[in-house]
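Per chain, numbering begins at 1; letters A, B, ... match sequence-line order.
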Amino acid sequence: GIQVEQSPPDLILQEGANSTLRCNFSDSVNNLQWFHQNPWGQLINLFYIPSGTKQNGRLSATTVATERYSLLYISSSQTTDSGVYFCAVAPYNFNKFYFGSGTKLNVKP
Amino acid sequence: AAGVIQSPRHLIKEKRETATLKCYPIPRHDTVYWYQQGPGQDPQFLISFYEKMQSDKGSIPDRFSAQQFSDYHSELNMSSLELGDSALYFCASSLPGQGEWNTEAFFGQGTRLTVV
(Lines give C-alpha, C1' and ligand atoms only; values in the text may rest on other atoms or scores of the structure.)
Protein backbone atom coordinates (compact mmCIF):
# COMPACT_ATOMS: atom_id res chain seq x y z
CA GLY A 1 0.00 0.00 0.00
CA ILE A 2 0.88 3.66 -0.12
CA GLN A 3 3.08 5.00 2.66
CA VAL A 4 1.95 8.32 4.14
CA GLU A 5 4.30 10.27 6.37
CA GLN A 6 3.30 13.36 8.28
CA SER A 7 5.55 15.82 10.01
CA PRO A 8 6.03 17.03 12.60
CA PRO A 9 4.40 14.39 14.82
CA ASP A 10 3.84 16.90 17.60
CA LEU A 11 3.59 20.67 17.56
CA ILE A 12 3.09 23.17 20.36
CA LEU A 13 2.18 26.71 19.41
CA GLN A 14 1.37 29.89 21.20
CA GLU A 15 -1.98 31.35 20.21
CA GLY A 16 -1.57 33.60 17.18
CA ALA A 17 1.41 31.75 15.72
CA ASN A 18 1.53 30.26 12.23
CA SER A 19 2.45 26.69 11.31
CA THR A 20 3.01 24.38 8.37
CA LEU A 21 2.17 20.68 8.45
CA ARG A 22 3.57 18.35 5.82
CA CYS A 23 2.31 15.13 4.24
CA ASN A 24 4.52 12.99 2.00
CA PHE A 25 3.17 10.01 0.11
CA SER A 26 4.94 7.23 -1.70
CA ASP A 27 2.89 6.76 -4.88
CA SER A 28 0.53 8.54 -7.24
CA VAL A 29 -2.86 9.27 -5.76
CA ASN A 30 -6.15 10.51 -7.11
CA ASN A 31 -7.49 11.85 -3.84
CA LEU A 32 -5.91 13.64 -0.93
CA GLN A 33 -7.80 15.01 2.02
CA TRP A 34 -6.85 16.82 5.20
CA PHE A 35 -8.87 16.20 8.37
CA HIS A 36 -8.93 17.66 11.85
CA GLN A 37 -9.80 15.22 14.61
CA ASN A 38 -11.17 17.13 17.56
CA PRO A 39 -10.86 16.02 21.19
CA TRP A 40 -14.22 14.25 20.90
CA GLY A 41 -12.88 12.07 18.10
CA GLN A 42 -14.83 13.61 15.26
CA LEU A 43 -13.04 13.72 11.88
CA ILE A 44 -13.75 17.07 10.28
CA ASN A 45 -13.06 17.64 6.60
CA LEU A 46 -10.66 20.50 6.01
CA PHE A 47 -9.66 20.14 2.37
CA TYR A 48 -10.20 17.83 -0.57
CA ILE A 49 -7.07 18.66 -2.54
CA PRO A 50 -5.62 16.05 -4.92
CA SER A 51 -3.68 18.89 -6.56
CA GLY A 52 -3.36 22.66 -6.48
CA THR A 53 -3.99 25.19 -3.74
CA LYS A 54 -7.08 25.98 -1.71
CA GLN A 55 -7.84 28.41 1.07
CA ASN A 56 -10.55 28.44 3.70
CA GLY A 57 -10.28 31.27 6.20
CA ARG A 58 -7.12 30.89 8.27
CA LEU A 59 -6.33 27.56 6.69
CA SER A 60 -4.85 26.86 3.31
CA ALA A 61 -3.43 23.77 1.63
CA THR A 62 -1.21 23.00 -1.32
CA THR A 63 -0.66 19.64 -3.00
CA VAL A 64 2.16 19.09 -5.49
CA ALA A 65 1.09 15.74 -6.89
CA THR A 66 4.13 15.33 -9.16
CA GLU A 67 6.42 15.62 -6.12
CA ARG A 68 4.10 13.62 -3.85
CA TYR A 69 3.58 16.00 -0.99
CA SER A 70 0.97 18.26 0.49
CA LEU A 71 1.21 21.14 2.95
CA LEU A 72 -1.38 22.47 5.36
CA TYR A 73 -0.90 26.03 6.57
CA ILE A 74 -2.53 27.32 9.74
CA SER A 75 -2.28 31.04 10.34
CA SER A 76 -3.08 32.99 13.50
CA SER A 77 -3.68 29.76 15.39
CA GLN A 78 -6.41 29.57 18.04
CA THR A 79 -6.86 27.21 20.97
CA THR A 80 -9.77 25.60 19.10
CA ASP A 81 -7.29 24.49 16.43
CA SER A 82 -5.86 21.97 18.89
CA GLY A 83 -6.28 18.32 17.99
CA VAL A 84 -4.81 15.88 15.53
CA TYR A 85 -4.45 16.70 11.84
CA PHE A 86 -4.54 13.77 9.46
CA CYS A 87 -3.64 13.55 5.81
CA ALA A 88 -5.33 10.72 3.89
CA VAL A 89 -4.69 9.60 0.32
CA ALA A 90 -6.48 7.25 -2.06
CA PRO A 91 -4.69 5.37 -4.84
CA TYR A 92 -6.06 5.11 -8.36
CA ASN A 93 -8.68 2.43 -8.92
CA PHE A 94 -9.18 1.69 -5.24
CA ASN A 95 -11.94 2.74 -2.87
CA LYS A 96 -9.84 3.16 0.22
CA PHE A 97 -7.80 5.81 1.99
CA TYR A 98 -4.43 5.48 3.64
CA PHE A 99 -3.99 7.75 6.63
CA GLY A 100 -0.79 9.24 7.91
CA SER A 101 0.02 8.98 11.59
CA GLY A 102 -1.10 12.55 12.15
CA THR A 103 0.29 15.76 13.62
CA LYS A 104 -0.85 16.44 17.17
CA LEU A 105 -1.24 20.19 17.59
CA ASN A 106 -1.54 21.92 20.94
CA VAL A 107 -2.26 25.64 20.83
CA LYS A 108 -1.66 27.35 24.17
CA PRO A 109 -3.45 30.54 25.19
CA ALA B 1 -26.60 19.62 5.32
CA ALA B 2 -27.09 15.90 5.79
CA GLY B 3 -24.15 14.04 7.22
CA VAL B 4 -23.12 10.42 7.62
CA ILE B 5 -25.10 8.91 10.47
CA GLN B 6 -23.67 6.13 12.60
CA SER B 7 -25.43 4.20 15.32
CA PRO B 8 -25.04 3.53 18.09
CA ARG B 9 -22.62 6.25 19.21
CA HIS B 10 -21.40 4.19 22.15
CA LEU B 11 -21.50 0.47 22.72
CA ILE B 12 -20.26 -1.67 25.58
CA LYS B 13 -20.00 -5.41 25.03
CA GLU B 14 -18.48 -8.32 26.87
CA LYS B 15 -15.82 -10.60 25.43
CA ARG B 16 -17.15 -13.20 23.01
CA GLU B 17 -20.34 -11.23 22.39
CA THR B 18 -21.43 -9.89 19.01
CA ALA B 19 -22.00 -6.30 17.91
CA THR B 20 -23.63 -4.65 14.92
CA LEU B 21 -22.69 -1.15 13.85
CA LYS B 22 -24.85 0.75 11.40
CA CYS B 23 -24.00 3.46 8.91
CA TYR B 24 -26.36 5.66 6.90
CA PRO B 25 -24.47 7.48 4.13
CA ILE B 26 -25.20 10.96 2.84
CA PRO B 27 -28.07 10.82 0.28
CA ARG B 28 -26.86 9.95 -3.26
CA HIS B 29 -23.53 8.66 -1.93
CA ASP B 30 -23.02 5.16 -3.27
CA THR B 31 -19.63 4.33 -1.75
CA VAL B 32 -19.22 3.43 1.92
CA TYR B 33 -15.97 2.88 3.83
CA TRP B 34 -15.37 1.42 7.30
CA TYR B 35 -12.37 2.34 9.45
CA GLN B 36 -11.12 1.27 12.88
CA GLN B 37 -9.15 3.67 15.07
CA GLY B 38 -7.47 2.35 18.20
CA PRO B 39 -6.42 4.70 21.03
CA GLY B 40 -3.64 7.01 19.86
CA GLN B 41 -3.57 5.44 16.41
CA ASP B 42 -4.52 6.58 12.94
CA PRO B 43 -7.65 5.16 11.29
CA GLN B 44 -7.12 1.78 9.66
CA PHE B 45 -9.11 0.78 6.60
CA LEU B 46 -11.38 -2.25 7.06
CA ILE B 47 -13.60 -2.57 4.02
CA SER B 48 -15.46 -0.54 1.39
CA PHE B 49 -18.55 -0.98 -0.75
CA TYR B 50 -19.53 0.53 -4.07
CA GLU B 51 -23.08 0.18 -5.38
CA LYS B 52 -23.84 -2.52 -2.79
CA MET B 53 -20.89 -4.68 -3.81
CA GLN B 54 -17.69 -5.13 -1.79
CA SER B 55 -15.07 -2.93 -3.38
CA ASP B 56 -11.86 -3.20 -1.38
CA LYS B 57 -10.78 -5.05 1.72
CA GLY B 58 -8.19 -4.07 4.27
CA SER B 59 -7.11 -5.51 7.59
CA ILE B 60 -10.56 -6.73 8.58
CA PRO B 61 -10.54 -9.77 10.88
CA ASP B 62 -12.39 -12.89 9.73
CA ARG B 63 -14.67 -12.41 12.76
CA PHE B 64 -16.00 -9.26 11.15
CA SER B 65 -18.33 -9.05 8.19
CA ALA B 66 -20.09 -6.19 6.48
CA GLN B 67 -22.59 -5.50 3.77
CA GLN B 68 -24.29 -2.64 2.00
CA PHE B 69 -28.03 -2.85 1.57
CA SER B 70 -30.37 -1.78 -1.24
CA ASP B 71 -30.97 1.60 0.44
CA TYR B 72 -27.15 2.05 0.58
CA HIS B 73 -26.90 1.86 4.35
CA SER B 74 -24.20 -0.47 5.63
CA GLU B 75 -23.73 -2.67 8.66
CA LEU B 76 -20.54 -3.98 10.24
CA ASN B 77 -21.07 -7.20 12.15
CA MET B 78 -18.49 -8.19 14.71
CA SER B 79 -18.52 -11.57 16.43
CA SER B 80 -16.48 -13.23 19.19
CA LEU B 81 -15.43 -9.82 20.41
CA GLU B 82 -11.99 -9.46 21.94
CA LEU B 83 -10.59 -6.80 24.25
CA GLY B 84 -8.43 -5.58 21.36
CA ASP B 85 -11.52 -4.73 19.32
CA SER B 86 -12.15 -1.77 21.60
CA ALA B 87 -11.82 1.21 19.29
CA LEU B 88 -13.57 4.02 17.49
CA TYR B 89 -15.24 2.73 14.33
CA PHE B 90 -15.84 5.21 11.55
CA CYS B 91 -18.01 4.98 8.50
CA ALA B 92 -17.49 7.33 5.57
CA SER B 93 -19.32 7.87 2.30
CA SER B 94 -18.65 9.51 -1.03
CA LEU B 95 -20.34 10.25 -4.35
CA PRO B 96 -19.49 8.32 -7.50
CA GLY B 97 -16.05 9.17 -8.88
CA GLN B 98 -15.67 11.81 -11.57
CA GLY B 99 -13.45 10.52 -14.32
CA GLU B 100 -10.11 9.49 -12.87
CA TRP B 101 -10.70 11.29 -9.57
CA ASN B 102 -12.26 9.86 -6.45
CA THR B 103 -14.63 12.29 -4.81
CA GLU B 104 -14.45 13.75 -1.34
CA ALA B 105 -15.24 11.35 1.49
CA PHE B 106 -17.16 12.45 4.57
CA PHE B 107 -16.90 10.67 7.89
CA GLY B 108 -19.55 9.98 10.47
CA GLN B 109 -19.07 10.76 14.15
CA GLY B 110 -18.03 7.20 14.86
CA THR B 111 -19.14 4.42 17.18
CA ARG B 112 -17.03 3.99 20.27
CA LEU B 113 -16.94 0.28 21.08
CA THR B 114 -15.69 -0.88 24.44
CA VAL B 115 -15.19 -4.59 25.03
CA VAL B 116 -14.98 -5.60 28.70
Side-chain angles (χ1 to χ4, degrees), chain A residues 1-10 21 23-25 27-52 54 56 61 63 65 70 83-106, chain B residues 1 3-6 9-10 25-26 29-60 68 74 87-113:
Chain A
I2 296 179
Q3 305 302 310
V4 184
E5 295 181 358
Q6 290 188 243
S7 60
D10 295 279
L21 282 56
C23 171
N24 293 332
F25 44 96
D27 204 347
S28 299
V29 299
N30 75 347
N31 188 346
L32 188 147
Q33 293 186 231
W34 282 97
F35 297 92
H36 175 217
Q37 187 164 41
N38 63 23
W40 296 272
Q42 189 176 2
L43 280 169
I44 298 165
N45 286 38
L46 296 178
F47 293 102
Y48 163 70
I49 187 165
S51 65
K54 290 186 178 179
N56 184 4
T63 297
S70 183
V84 182
Y85 289 80
F86 285 107
C87 165
V89 302
Y92 286 92
N93 301 319
F94 287 96
N95 283 323
K96 61 178 163 183
F97 288 83
Y98 294 93
F99 278 76
S101 52
T103 292
K104 187 172 183 180
L105 175 63
N106 185 4
Chain B
V4 178
I5 305 296
Q6 290 188 245
R9 293 290 308 281
H10 301 273
I26 294 171
H29 284 202
D30 63 353
T31 303
V32 167
Y33 315 78
W34 285 97
Y35 281 82
Q36 177 193 58
Q37 186 179 25
Q41 314 247 316
D42 53 281
Q44 295 292 313
F45 172 72
L46 293 177
I47 195 167
S48 62
F49 293 88
Y50 168 67
E51 278 295 334
K52 295 158 276 186
M53 300 286 289
Q54 182 181 305
S55 175
D56 290 288
K57 204 169 183 180
S59 48
I60 183 170
Q68 187 179 28
S74 179
L88 190 53
Y89 289 83
F90 287 105
C91 169
S93 73
S94 64
L95 284 166
Q98 300 173 348
E100 65 176 0
W101 301 109
N102 279 343
T103 58
E104 186 174 7
F106 295 85
F107 281 71
Q109 292 185 301
T111 293
R112 191 172 295 278
L113 172 67

Query raised in the report: Highest number of heavy-atom pairs under 4.5 Å with chain B: which of A/I44, A/N45, A/V84?
Result: A/N45
Report task. Decide yes or no for A/Q33 and B/F107: does some side-chain heavy atom of the first lie under 4.5 Å from some side-chain heavy atom of the second? Result -> no
Query - Among the listed options B/P43, B/S55, B/G110, the residue most often paired with chain A at heavy-atom distances under 4.5 Å - result: B/P43
Report summary line: In terms of heavy-atom contacts, A/F86 and B/Q41 come closest through CZ-O, 4.2 Å
Query raised in the report: Can you say whether B/A92 sits under 4.5 Å from chain A via the side chain, the backbone, both, or neither, judging by heavy atoms?
Result: neither
**Report entry** Which portion of B/F49 sits near chain A, non-hydrogen atoms under 4.5 angstrom
**Finding:** neither
Query raised in the report: Counting only heavy atoms not in B/Q54, do more than 12 sit closer than 6.0 Å to its CD atom?
Result: yes
Report task. Please determine, by modelled atom types, if A/N95 and B/S48 share a side-chain donor-acceptor pair under 3.5 angstrom. Result -> no
Query raised in the report: Any idea which heavy atoms bring B/Y33 and A/K96 closest together, and the distance?
Result: CE2-N, 4.0 Å
Query raised in the report: Under a 4.5 Å heavy-atom cutoff, which of A/G1, A/G41, A/A88 has the most pairs with chain B?
Result: A/G41
**Report entry** A/F97 versus chain B, the contacting section by heavy-atom distance below 4.5 Å
**Finding:** both
Query raised in the report: Would one find more than 12 heavy atoms of other residues, nucleotides or ligands at under 6.0 Å from atom NZ of B/K52?
Result: yes
